[in-house]
Structure formats: structure tokens, C-alpha cells
Amino acid sequence: MSTSHVDRVVIRFAGDSGDGMQLTGDRFTADAAALGNDFATLPNFPAEIRAPQGTIAGVSSFQLHFAGDDIRTPGDRPDVLVVMNPASLRANLPDLRAGGLVIADSHEFTARNLKKVGYPSNPLDDGSLDGYELHAIDLTGLAVAATGDFGLGRKEASRAKNMVALGLLTWLYSRPLEPTETFLERKFGDRPVLRDANRAAFLAGHHYGETTEDFTARYEVNPAALPAGTYRQVTGNRALAYGLMAGAATAGLPLFLGAYPITPASDVLHELARTKDHGVMTFQAEDEIAAIGAALGASYAGQLGVTTTSGPGMALKSEFISLAVMLEQPLVVCDIQRAGPSTGMPTKTEQADLFQSLFGRHGEAPVPVLAAQSPGDCFDIAIEATRIALTYRTPVIVLSDGYLGNGSEPWQVPDLAALPPIDPGFATEPNAENGTFLPYLRDDNLARPLAVPGTPGLEHRLGGIEKADGTGDVSYDPDNHETMVKLRQAKIDGIAQSIPDLVVDDPSGEADVLVIGWGSTWGPIGATARRVRRRGRRVATAHLRHLNPFPANLGEVLRRYRRVIVPEMNLGQLAFLLRGRYLVDAESYSRVRGLPISPSEFEADLLTILDSQEPR
């Protein structure tokens with residue numbers, strides 16, 4: 001049998017929610033990371049804890065794109081589709097590329113399961129899959145046979161079919177056995193029967209690949225030429241947790257997280273809850289309001305106060321964010337966006353909380369808004385949010401989303417000693433000529449001083465009622481109110497002086513179409529731009545990580561291009577802002593399907609846009 005070298009592969013594992021597809025995909029991803037491949041993942045699962053078995057509503061999938069060069073997305077058309085039942089085939093087959101490989105557990109293609117999803121006949125033998133390379137394998141039977149010596153019941157033994165599939169794919173793509181065997185030892189070391197049974201099923205899948213004559217070739221994907229350093233596989237939520245820890249440590253402050261569990265943000269709470277021996281305190285509150293209230297209280301007490309949530313929780317937190325604006329108190333609010341409105345689609349991704357983050361408060365309550373562009377960038381954006389919150393004495397909103405939070409990529413572990421220091425600059429002595437303390441006397445950044453409660457001589461009063469400029473006394477004076485409103489806005493506007501100018505990627509230097517995005521559209525925009533450039537078209541791209549304030553040169557950049565295209569997973573929120581702020585005809589490219597924007601679809605649409613241009 002020959003071994004072929006391929007540049008990149010997209011594999012999707014799909015099955016019922018109880019079939020272990022997330023574990024299987026994550027395990028295969030770990031092997032890709034260990035072998036030095038670049039990769040990106042897309043977990044996709046239902047919101048229900050246990051949807052009806054064998055139905056399309058209950059299908060869970062995990063997609064992995066791994067390659068020997070730099071990639072930006074988890075891909076949109078799998079090369080390989082591994083399905084555990086008819087429902088997962090029906091739900092995912094339309095995405096498979098023409099001629100792609102299908103590995104199906106033939107055991108589950110019973111008349112009952114076929115009827116559940118509307119198949120009139122068995123697609124494994126009725127010719128409907130002739131356009132694909134089909135391998136119908138009794139994965140369940142192989143699992144039961146491999147685990148027969150371990151005393152498991154048939155139902156429990158059949159659950160190891162995901163390990164059979166993992167072993168087969170490990171063989172097919174020339175991955176080593178040892179990492180998964182080590183993983184099973186670590187996961188089931190205290191339950192030897194389960195450890196040995198899963199290992200036997202894993203090896204059975206590998207041996208099946210070695211001995212069958214169904215496959216005509218094996219494949220290898222070379223390591224990617226990544227910059228030198230130490231790498232690990234990281235999800236966006238984990239990177240965000242690490243970034244919050246690093247930001248607090250860089251500022252020399254304890255980290256306090258007040259959070260209420262909500263999909264897809266809960267993993268940040270889970271991750272930080274494991275780190276209480278690293279200066280981190282986590283508080284699982286009874287509701288979203290209590291969570292942010294506790295975080296704001298921790299900030300007032302001299303810690304780095306953080307709260308995490310998703311869209312519905314942001315709505316509940318809005319009053320406390322307004323209070324933090326009035327207090328001019330540091331606070332980091334992390335919104336891992338999901339599809340809405342209301343409960344919406346809790347496990348699906350979206351970018352529709354931008355307006356809420358910018359304007360979702362009563363009164364003039366400006367707040368800096370940042371957005372991570374990739375799972376690994378969640379680390380950097382958390383540190384940047386910490387810097388802004390402490391330097392400018394303001395709540396900061398960090399936008400991630402379900403795709404970034406659950407997805408993973410290789411992350412170069414940073415040198416923590418090289419991170420720029422963050423000085424919280426707590427007041428330690430009176431700041432007025434008469435020896436008193438003025439809590440709203442501003443520095444060059446228009447930021448007020450912070451005094452930790454209990455500091456002798458720095459006693460002062462805070463609250464939600466309007467403050468008198470300088471003294472912080474309660475004030476209903478009309479002129480003072482206008483002054484304070486304008487000062488708070490000017491402080492946020494002034495942050496633009498401390499952030500980098502927007503950088504445009506235009507290899508040709510001659511493009512007159514700019515594609516600009518924010519957040520997780522970074523991957524699809526970059527991948528699409530590469531594709532259309534390879535076809536000889538000229539297109540420029542730019543990406544925004546600071547959404548309030550915008551980079552100082554954004555207006556000048558936008559006016560250089562005849563057409564500005566704005567891809568978003570909403571109905572055009574950034575495009576609306578660009579049109580209103582800069583009076584440019586920003587064209588919205590909107591997709592709101594609970595999934596990342598498809599590079600293939602965007603490529604076709606962008607080519608149409610580029611080819612329909614009129615000359616300058």
C-alpha cells in the first residue's frame with residue numbers, strides 16, 4: 001500500500017450526542033498538535049443534554065482542519081466524514097466535498113434508524129453514495145469484539161466504537177499510537193477495566209486499517225513551519241482564562257472572577273476554578289447580577305474584578321456596567337457570544353452582541369469594547385483589556401464567541417517575563433493642596449485615582465448618583481452633569497492614542513476593494529483573501545480588535561478604497577457603525593446561521609464582487 005503526502009486534511013467526526021465525537025475529535029487534534037501540524041477545530045453540538053437518540057436534532061460533530069502550513073479556519077468542506085448513524089450522515093453529507101471519503105458504522109444503519117431521519121432505503125448500499133469513497137464498517141461490532149474479555153455489557157462495550165474510529169483514522173493518517181495510549185492511561189488509570197477496554201478498541205481500529213484491503217492508500221501531513229517556541233493546543237476559553245491570570249499577575253493584583261454558568265462561557269469559570277493556588281478566587285453566583293456585583297466589589301477592594309457571560313447575561317449585567325461607568329472603576333466583562341435573541345441557539349456561534357456592548361446601557365455610558373480574532377488571541381485580548389481597565393479606570397467589554405471559545409489552535413506559550421508591565425497606580429497619599437483626597441481629580445489620561453478602602457487619609461464616597469467634578473460629591477448641577485458626561489466620553493475616546501494604527505494587508509499594493517471585519521471573521525476573511533489572490537485578483541484586508549474606540553487611522557484607511565466589504569455573523573452591525581461614523585458606503589456581507597462564515601461561499605461571492613467592479 002502506498003503512502004501519499006497531502007498538504008492539508010479536513011476531517012469531521014459526527015454521531016449521536018452520546019457517541020463521544022467531541023472526545024474523539026479532541027484526541028485526534030491533540031495528535032496533530034504533538035506532530036507539529038497547524039490546525040483549527042470546530043466543535044458543533046446540540047444544546048439539549050440528551051436530544052432524542054438517532055435524530056438529526058441530536059447530532060454532535062467535531063471538525064478538524066490540520067495542515068503542513070499556516071491555516072486560518074477549520075475548513076468548510078470536509079475531505080473525510082466519519083458517521084456513527086444515519087442521522088449524522090443525513091445532517092453532514094451535504095458539506096462533504098465531491099469524491100470525499102465516508103466511513104460509516106454500518107451496525108447503526110437499521111431500518112428503524114433509517115426511518116427516523118427519512119431515508120427510504122439504506123444509503124450504504126442503494127448507490128446514493130456512489131460519488132464518494134464509501135467504507136461501511138461495523139465499528140460497533142469491532143468494539144464489542146475487541147472488549148469482549150473485559151466483562152463489559154454489550155451497551156457499554158458498544159460505546160467504545162469511537163475508539164475504533166479513532167484507531168482507524170490514526171492508522172489512515174500515519175499518526176503514532178503512543179499519545180492516545182498515554183491519554184487513556186491518564187484518563188482511566190484509576191479504572192483499569194475501562195482503560196484496557198478502550199485501548200483494545202483503539203488498537204482494533206488501527207489493526208483493521210492495517211489488515212483490510214478496503215483502503216488503497218495511507219496519508220501523511222508534514223509538520224508546519226511554525227516560529228520556534230513551545231506550543232500547546234488551546235481553546236479560546238482556556239486562552240482567555242490564562243490571559244486574565246497573566247493580566248492580573250502583570251499588574252500585581254489578585255484575580256477575582258464572579259460568574260454564573262452559561263453556555264458557551266462556563267469553561268472560563270471551570271478553568272479559573274482550578275487555579276486558586278495562583279492568586280485566583282472564583283465565585284459561582286446565584287445569578288448574573290450577583291456575579292457582576294461581586295466582581296465590581298472586588299475591583300473596589302483593589303483586585304482585578306472580572307465577570308464572564310454570554311448574550312442573555314449581558315442584558316442582566318447592564319445596570320452594574322453602568323454603575324462601573326459612573327464609579328469609573330476598573331472591571332473586565334467577557335461576553336462569549338452565542339446565537340440569539342432570548343435563549344436562541346445556545347451552542348451555536350454569532351457576532352450579534354456588538355450593538356448591545358456599545359449601546360446597551362441607559363444614559364451616556366461609554367465603554368471600551370475589544371474583540372479577539374482567534375482562540376489564541378483571546379489570551380492577548382484579555383491582557384489588553386486589563387491594561388485599559390486599570391489605566392483608564394473603566395469597565396471594558398471583551399467579545400469572543402462560541403466558535404472561538406470552543407475551537408482550538410496551536411498557541412505559542414509566551415514568555416510571561418516579557419509582557420509589558422501594567423501599573424494599577426493606586427493612590428497612597430492625599431492629592432489636593434489642602435491635604436485632602438479628591439477621588440475625581442484626573443491625570444493625563446483623564447483617569448481618576450484609585451484608593452483601596454482603608455488607606456489612611458484617603459476616605460471618600462462613591463455611588464451611582466452623578467458626581468461633582470473633582471470632589472466626587474453628589475451633584476445635580478446641570479453644568480456639572482454635562483461636564484462629567486463629556487469627561488467620561490473624552491476619556492474613552494483618548495484610549496485611541498494608546499492603541500496601534502489599523503494595519504492593512506495588501507500584497508499587491510494596488511487593491512481598490514477592502515474587506516474589513518472584527519472578531520472571529522478574521523479566519524474566514526484571511527482564508528478567502530488567499531484564495532482569491534491565488535486566482536489573480538487584488539483585494540486588501542484589515543481586521544479590528546478595538547471596536548470602541550476605533551483605531552485613530554480607521555477613517556483614512558476606509559477612504560482609500562472604492563469599495564468596502566464587511567463580513568459579519570450578524571445583520572451588519574459593524575457596517576452600520578462604519579457608515580454612520582465615517583460616511584463611507586460600507587457593504588454588509590451578512591451570515592447568521594450559527595456557524596462561522598464559509599470561506600468557499602465567501603470566495604465565490606467575493607470573486608463576483610471583484611469581477612463586477614467598474615474602472616476607477
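Keep in mind that the numbers below use all heavy atoms, side chains included, and drop hydrogens, waters and symmetry copies. These figures come from a predicted structure and were not determined experimentally.
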Indicate yes or no: does [X] engage [Y] in a salt bridge with an N to O separation below 4.0 Å.
X	Y	value
Arg545	Glu384	no
Glu328	Lys467	no
Arg238	Asp267	no

Is the backbone N or O of [Y] less than 3.5 Å from a side-chain atom of [X], with the two atoms forming a donor-acceptor pair by type?
X	Y	result
Glu288	Thr309	no
Glu568	Gln573	yes
Gln63	Gly75	yes
Asp505	Thr541	no
Gln337	Ser400	yes
Tyr589	Gly572	no

Student check: side-chain heavy atoms of [X] and [Y] closer than 4.5 Å:
X	Y	result
Leu316	Tyr260	no
Asn237	Cys378	no
Gln412	Leu226	no
Pro264	Ser310	yes

Fill in the blank from the handout: Only one of Ile397, Thr308, Val396, Leu370 passes side-chain contact (heavy atoms from CB on, under 4.5 Å) with Cys334, and that residue is Thr308
Can a side-chain donor-acceptor contact be found between [Y] and [X] if the only test is distance below 3.5 angstrom?
X	Y	value
Ser374	Glu409	yes
Thr307	Lys317	yes
Asp493	Gln489	yes
Asp76	Ser600	yes
His543	Gln373	no

Determine the minimum heavy-atom distance between [X] and [Y], stating which atoms define it.
X	Y	result
Pro375	Thr235	CB-C, 4.1 Å
Leu558	Ile516	CD2-CD1, 4.3 Å
Pro549	Ile499	O-CD1, 3.8 Å
Thr347	Phe45	OG1-O, 2.5 Å
Asn44	Gln22	O-NE2, 3.7 Å
Met569	Val592	C-CG2, 4.3 Å

Handout entry: Single hit among Thr24, Asp31, Thr29 for side-chain hydrogen bond (donor to acceptor under 3.5 Å, both in side chains) with Arg27
Key = Asp31
Problem - Asp277, CG atom: more than 12 neighbouring heavy atoms under 6.0 Å - result: yes
Handout entry: Step-by-step side chain to side chain contact (heavy atoms under 4.5 Å, CB included) determination, Thr263 to Lys348
Key = CA-CA 9 Å; Thr263 301; Lys348 310 303 180 184; over 6 Å; no
Inter-residue atom distance [X].[atom1] - [Y].[atom2], 0.5 Å rounding:
X	Y	atom1	atom2	result
Ile597	Thr73	CD1	OG1	11.5 Å
Leu331	Phe256	CG	CZ	11.0 Å
Asn37	Arg8	CG	CZ	11.0 Å
Thr483	Arg488	OG1	CZ	10.5 Å
Leu272	Thr275	CG	OG1	5.0 Å
Phe355	Asn570	CZ	CG	7.5 Å

Practice task
Measure from the ring center of Phe62 to the ring center of Phe28 and say whether it is less than 6.0 Å.
Solution key: no
